[in-house]
Number of protein chains: 2
Amino acid sequence: MSSTEKSPTRGRKSRTNANRPTVADVARAAEVSLMTVSRVVNHGTNVSEETRKKVEAAIAELGYVPNQAARNLAGGREVRIALLYSNPSSAYLSEFLMGSLGEASVNAAQIIVEYCEEGVRPADLVGKLAAHRANAVLLPPPLCDDERLLKRLQKAGLPMAQIATGRPSRHAYAVTIDDAGATEDLVRLLIEQGHSRIGYISGNPNQTVSELRQAGYEKALADADIAPRPDLIVSGDFSYRSGLQAAERLLASTEPPTAIVASNDDMAAAALAVAHRHGLDVPGDLSVCGFDDTAMATTIWPELTTIRQPISEMARQATAMLIADVRESPVAGVDARHVRLDCELVRRASHGPPRDMTVSPRA
Amino acid sequence: MSSTEKSPTRGRKSRTNANRPTVADVARAAEVSLMTVSRVVNHGTNVSEETRKKVEAAIAELGYVPNQAARNLAGGREVRIALLYSNPSSAYLSEFLMGSLGEASVNAAQIIVEYCEEGVRPADLVGKLAAHRANAVLLPPPLCDDERLLKRLQKAGLPMAQIATGRPSRHAYAVTIDDAGATEDLVRLLIEQGHSRIGYISGNPNQTVSELRQAGYEKALADADIAPRPDLIVSGDFSYRSGLQAAERLLASTEPPTAIVASNDDMAAAALAVAHRHGLDVPGDLSVCGFDDTAMATTIWPELTTIRQPISEMARQATAMLIADVRESPVAGVDARHVRLDCELVRRASHGPPRDMTVSPRA
DNA sequence: GCATGTCATGTTAGCGCTATCTTCATGTGA
DNA sequence: TCACATGAAGATAGCGCTAACATGACATGC
């Protein structure tokens, strides 16, 4: 029942958090007032260069680190960002979290991870968010495309950020990549290597990026005057399983493709497995490309040629936007901003010229 | 420059956090004092049943949620747990994070995710932790087995928790499973189905669980009076890549195994891929089993028979232990507690009786 | 009956920080 | 010259909560 029994500094010490230096300590050391220290630590306006240096020296010497709890209390602007997820693709999620948690940690914001079932009622969800005191929401795919959810969150006045959506909302922040362009690049690469029968495995139609990626594929073909063949476009849903089926169908064709572009890495990995099961050499007999550059891409063999999507960076930026919104702009929701990040074509070992090309290149 | 210009409630409102109800509001509504509300919200000792009900009703009515920042400030016991990771196996990490973040969120603790390179100097690391004001450390594998790191953290007086280690330290909390027993069960299952040539792909020797799992394999063989064959034990390092090589070696044997037990799912998946490349049917020609039951196990085809390791629950419990330590026990480090959780053999489609057994069972 | 204990509750004083107001020195232009 | 803006500080008052102590109402034992 008693813990501070033998503590030499009763009462006092037991409440203080491991007697860490406080602003007061720094102020004393630097021979300035409390507020001056606070000003230096924060924006740093209205402080003379000389004073700032003194304070900074004192901070360094004492190893002062601001107490975030006190800051939040005094400032009244605690940032609690709910990360809603429904797609348990662990590779995506963990990379996402790395970016988001990193940014949150730097800015002393809280990330609350909330699993959101497929058919959850948006109203219930909003209630839950309130209970968690969330004041911003992070929406990775596929939730970023859920219109009802977006509308509900907007109505609740919560700033939100869509990550990797194909259709950024006017009422939300959004961080995207050029899905169409990236896919186009990938397909163009294959065409340049001599492929003309290029199969495509599309993504889940409930994610808006699926359309964009497919459009990129079609555009690349059109630009090269290759007539699109409907039998070379097979629908998947981003799962490995669906990739297996899709690849089987593509390879069962009477005139099978010499390359398969899958709209994510999981399905590309599945296509690879199917190719091997059919006794095909990759990339000798069949080139296979993916999208995302998740861990899977370098896990499997041969390593996948794919599009590197900067998931972690996207999460980081989205988180930063929300933090800025909550901390600064009280008129949230109107001046939403959309950001598009670059992505990169990563050439690895799963693609190459088609077999007939290696015999007589440039046919 | 000015934001509260037209605000009807100057000064006052701009500082308060979206005028949420506070203890004072609840106290007023319930007609009791501030402290009584606090007591109800916390431990709840020394409050009459009648009063408690009144307060709880008021809390429910107003939708009061305690302000954690204020609590931490007043209580002086902010919990900041550093999660050190070096193994970027995303499947593991994201499941781990789910458990840990969930528990942390419920208990209003902070999780700080810190990437820790292979050869980082423990001294530097401790410095970094101090800068983050971390007051507890979570150590997933393989860091949980780094003796130098453990020693250094202990010296720094930081309570720590090892997750999935084979060698719990006296100075740390630990959450483990019965790695040896689980592997034994798996191998026994194969033996019961008629296998006797069972290959084994071991894990990274820098993780203590590797030994335990292999010991389980050997024990199961010994119990069944099957002479161990050194050529059936191949070393891997938990990576898919190493699994490919190991499986190739096993299958290249003059008398190849009829089953392969890999000490994790990634390597089992690799073994599966190699089997397919060799034209072997799984499980018809070869049974393949894994360990962990990560997303990989159900992603690939056929789905993997494996050991389900409750990663998320392990992370949750470890986090809970650390929170309890920081919040309550000031004599940390001595009364460390170790917990062992149950794990489960998950029978899926990648195992079955060996081919010759299907012809003449019970040979 | 009075000292003493126990329980339910109230009062007070901060936790460490920042918003806001105030002060005091400097410019600046009429 | 003085009113007035501007910049660089300091003083003060809380943010919402809880630890520690104080109070008052009973029950207990001698």
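If you're wondering where the values come from, they're calculated on a predicted model, not measured in any experiment. In what follows, chains are A, B, ... by sequence order, proteins preceding strands, each numbered from 1.
- For the helix from C:dG1-D:dC30 to C:dA30-D:dT1, the rotation axes defined at the first and last 5 base pairs enclose an angle of 50°, given to the nearest 10°.
- Residue A:Asn67 places no side-chain N or O under 4.0 Å from the OP1 or OP2 atom of C:dG16.
- The distance between atom CD of A:Glu31 and atom C1' of D:dG10, rounded to the nearest whole Å, is 15 Å.
- Looking only at distances, no side-chain donor or acceptor of B:His338 sits under 3.5 Å from a matching main-chain atom of B:Thr176.
- Taking every side-chain heavy atom of B:Ala74 into account, C:dG14 is the closest of C:dC17, C:dT9, C:dG14.
- In terms of modelled atom types and a separation under 3.5 Å, the side chain of B:Thr36 and the main chain of B:Val32 share no donor-acceptor contact.
- In terms of heavy-atom proximity, B:Ser169 sits nearest to B:Gln162 at N-OE1, 2.7 Å.
- Heavy-atom distances under 4.0 Å link DNA chain D to B:Tyr64, B:Pro66 of residues 53-66 of chain B, given in residue order.
- Although no hydrogens or angles enter the test, the distance criterion places no donor-acceptor pair under 3.5 Å between the side chain of A:Asn135 and the main chain of A:Val326.
- No donor-acceptor distance shorter than 3.5 angstrom exists from the side chain of A:Glu103 to the backbone of A:Gln317, with no hydrogens or angles considered.
- Heavy atoms of B:Val32 sit under 4.0 angstrom from primed sugar atoms or phosphate atoms, though from no base atom.
- Distance, A:Arg39 CZ to C:dA19 C1': 10 Å, rounded to whole Å.
- The residue among B:Arg52 and A:Arg71 whose nearest nucleotide of DNA chain C is located toward the 5' end is B:Arg52.
- Taking only side-chain nitrogens and oxygens, A:Thr36 never comes nearer than 4.0 Å to OP1 or OP2 of D:dA9.
- Nearest heavy-atom pair across A:Cys144 and A:Leu139 is CB-O, 3.1 Å.
- If you measure from atom CG of A:Asn46 to atom C1' of D:dG10, you get 13 Å, rounded to the nearest angstrom.
- For the OP1/OP2 pair of C:dT9 and a distance below 4.0 Å, the side-chain nitrogens and oxygens of B:Ser33 include no atom meeting the criterion.
- A donor and an acceptor atom, one from each side chain of A:Asp25 and A:Tyr64, are nowhere located under 3.5 Å apart.
- For B:Met35, the side-chain atoms get nearest to D:dA20 when compared with the rest of D:dA9, D:dA20, D:dA8.
- OP1 or OP2 of D:dG16 has not a single side-chain nitrogen or oxygen of B:Thr22 nearer than 4.0 Å.
- Here B:Ser48 does not reach the OP1 or OP2 of C:dC7: none of its side-chain N or O atoms lies under 4.0 Å away.
- One atom, CG of B:Leu73, and another, P of D:dT18, lie 11 Å apart when rounded to the nearest Å.
- Between B:Leu34 atom CG and C:dA13 atom C1' there is a gap of 13 Å when expressed in whole angstrom units.
- Ion pair B:Arg316/B:Glu313 flagged as a salt bridge, since at least one NZ, NE, NH1 or NH2 atom sits closer than 4.0 Å to an Asp/Glu carboxylate oxygen.
- In this structure, A:Asn72 does not reach the D:dC15 phosphate: none of its side-chain N or O atoms is under 4.0 Å from OP1 or OP2.
- Taking atom CG on A:Asn42 and atom C1' on C:dC17, their separation rounds to 9 Å, with Å as the unit.
- The nearest whole Å value for the distance from the CD atom in A:Glu50 to the C1' atom in D:dA9 is 13 Å.
- Following rounding to the nearest Å, A:Arg28 (CZ) and C:dG16 (P) show an atom-to-atom distance of 12 Å.
- Checking B:Arg71 against B:Asn42 by side-chain atom types alone, a donor-acceptor pair falls below 3.5 Å.
- With hydrogens and angles ignored, the 3.5 Å screen pairs no side-chain donor or acceptor of A:Arg52 with any backbone N or O of A:Val40.
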